[in-house]
Undergrad: 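Below: one structure in structure tokens.
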Amino acid sequence: MSEAKPIRALRGRLLWFVADPEEAGENAHRYVEDGLVVIEGGFIHAAGEAKDLLTSLPATADIVDHRPHLIMPGFIDAHLHMPQTQVIASYGAQLMDWLNRYTFVEEQKQAQQGHPEKLAHFLLDELLASGTTTAVIYCSVHPQSAEALFRESERRNTRMIAGKVMMDRNAPDALTDTAASGYADSKALIERWHGNGRQLYAISPRFAVTSTPEQLAAAGCLAAEHPGCHVQTHINENRAEIALANKLHPEPGDYAGIYQHHGLLGSRSLLGHCIHMTDREWRRFAETGAVAVFCPTSNLFLGSGLFDWARARAEGVPVAVATDIGGGTSYSMLRTMSEAYKVLQLQGQSLSAFAALHAITLGNARALKLDHLIGSFEAGREADIVVLDPGAQRAMAHRLETARDLPEELFVLVTLGDERNVVATYVMGEPVVKPSFSGGA
Ligand code: GUN
Ligand code: ZN
């Protein structure tokens, strides 16, 4: 260990994953009852037994004692919308109506001076307070929306993936770009932000309903020109949406075919929802490595339907999980997985606490192809960390009196937990100051 770089060590109950519990069972996770995560210059240096690691620390190391709390890799959210932080909890509509009545109204405010900055600041506060250290984020059509998000993320040194939405039809004039301007604005943002510090760019055609074939082709060109960028879009969320998408793009024969035709299905493509999928569409995903993004609170709130995780697994399609703020109703990935459990229960499927906690850490990191950087405590990973107190809420502490073992304790955490269970969040080894809430604006 070099003396030159600052060393911080967090002591507590360590939990992280090295494999998928659905494949490796008990061998998928590492749990150390009295553990230490040693961080050197913002990166994980080692994680293991405190008694072994404490002796190797220099006298100058900053040791933070979080016992008896759980220490995990920071959570990852694979899909949410920054301009929708004031759309969340909008009443009484399903997707297309909800977009027109609430979302497109609110997204126009991103053109107002200072508004993108305000929402970016709020969003990153809220994510970090919920233990989420990386998120994949849609901004509005306005380049300044993505610009504000990236600037705020750069200021906090968080690893965020974001993009300006591309929409050239079926939206208010104030929210549309063109195939050419959407391409040019996205390209300028990629050049400025992709790989700049911890920031990464996601090419973001909103969905086939709001893009012409020309715009989807332009997005496909961007993806081919920038293979390190992610692509994010929506698919097969709602029956009316599917009918409209297929009517607007009749040739490919199905919704996934539209994106595939334009070069938008690949291993870095993140497709939100994937609820009403045909056999052929599952095959298109499996062939291209495209990722299905499961957004349980949103799918329930908008009445969209039930995501079939067992089917995705059987088809060999990678799955990521996400909040989908503001169709989704919670910023917390714990709350998200509690709703995921219920969505699967309704289909006779199950989700263990280990599978849920894997999904929001290493599982999402792998789905995003970022597991060499984040999502675990393997040496060399960026030290984005969440510290959790499973007993932080009264009802949880009461329930935990009868918990017999770790799987049971973790299941209580996943089922009842949320941001109130987050004791601390670290970004590249630095503690994040929790936002103070005084109410009002
Ligand atoms: N489909 C296209 N845009 C959106 C959006 O903003 N939210 C959701 N849930 N679905 C979409
Ligand atoms: Zn979405």
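What you see below is based on every heavy atom in this structure, not just the backbone, and it leaves out hydrogens, waters and symmetry mates. Counting starts at 1 for both ligands and their atoms, in listed order. None of these values were measured; they are calculated from a predicted model.
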Undergrad: Any side-chain donor paired with an acceptor under 3.5 Å for Thr323 and Thr336?
TA: no

Undergrad: Backbone or side chain, does any N or O of Thr103 fall under 3.5 Å from an N or O of ligand 1?
TA: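 Looking only at distances, the answer is no, because the N/O contact criterion of under 3.5 Å is not met.
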
Undergrad: Which ligand 1 atoms, with their elements, are less than 4.0 angstrom from a heavy-atom of Phe207?
TA: 1 (N), 2 (C)

Undergrad: With a 6.0 Å cut-off on ring centres, are Phe207 and His273 close enough?
TA: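 When the ring centroids of Phe207 and His273 are compared, they turn out to be at least 6.0 Å apart.
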
Undergrad: At under 4.0 Å between heavy atoms, is it the side chain or the backbone of Val209 that contacts ligand 1, or both, or neither?
TA: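 No part of Val209 is near ligand 1 at this cut-off.
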
Undergrad: Listing by chain and number, which protein N, O or S atoms are under 2.8 Å from the Zn ion (ligand 2)?
TA: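 Hits for the Zn ion (ligand 2) below 2.8 Å: His79 NE2, His81 NE2, His234 NE2, Asp324 OD1.
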
Undergrad: Less than 4.0 Å between a side-chain N and a carboxylate O, is that true for Glu106 and Lys109?
TA: yes

Undergrad: So, Asn299 versus Glu339: side-chain donor-acceptor pair below 3.5 Å or not?
TA: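 The criterion, which ignores hydrogens and geometry beyond distance, is not satisfied for Glu339 and Asn299.
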
Undergrad: Atom 10 (N) of ligand 1: which of Arg206, His81, Glu237, His273 has the nearest heavy atom?
TA: Glu237

Undergrad: Could you check whether any heavy atom of Glu241 sits closer than 4.0 Å to an atom of ligand 1, since that is the contact criterion I want to use?
TA: no

Undergrad: To the nearest 0.5 Å, how far apart are CE in Met428 and OG1 in Thr133?
TA: 11.5 Å

Undergrad: Any salt bridge linking Glu430 with Arg8? Criterion: basic side-chain nitrogen under 4.0 Å from a carboxylate oxygen.
TA: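 Arg8 and Glu430: salt-bridged.
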
Undergrad: Given that the side chain starts at C-beta and the backbone is N, CA, C, O, which of these parts of Asp324 lies under 4.0 Å from ligand 1, counting heavy atoms, or is it both or neither?
TA: side chain

Undergrad: Can you tell if the side chain of Val343 reaches within under 4.5 Å of the side chain of Trp309, non-hydrogen atoms only?
TA: no

Undergrad: Decide if the gap between the ring center of His79 and the ring center of Tyr138 is smaller than 6.0 angstrom.
TA: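 For His79 and Tyr138, the ring centres are under 6.0 Å apart.
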
Undergrad: For Leu99, take its heavy atoms, then give the atoms of ligand 1 lying under 4.0 Å from any of them.
TA: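 Numbered from 1, ligand 1 contributes 3 (N), 4 (C), 5 (C), 6 (O).
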
Undergrad: Is it true that His234 and His81 have ring centroids separated by less than 6.0 Å?
TA: yes

Undergrad: Quick one: does Trp98 get within less than 4.0 Å of ligand 1, heavy atoms only?
TA: yes

Undergrad: Quick test: of every protein heavy atom, which one is nearest to atom 1 (N) of ligand 1, and how far off is it to 0.1 Å?
TA: His234 CG, 3.4 Å

Undergrad: Please examine the side chains of Gln215 and Thr210, heavy atoms only from C-beta on, and report whether any two atoms are closer than 4.5 Å.
TA: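 SC-SC contact between Thr210 and Gln215 ruled out.
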
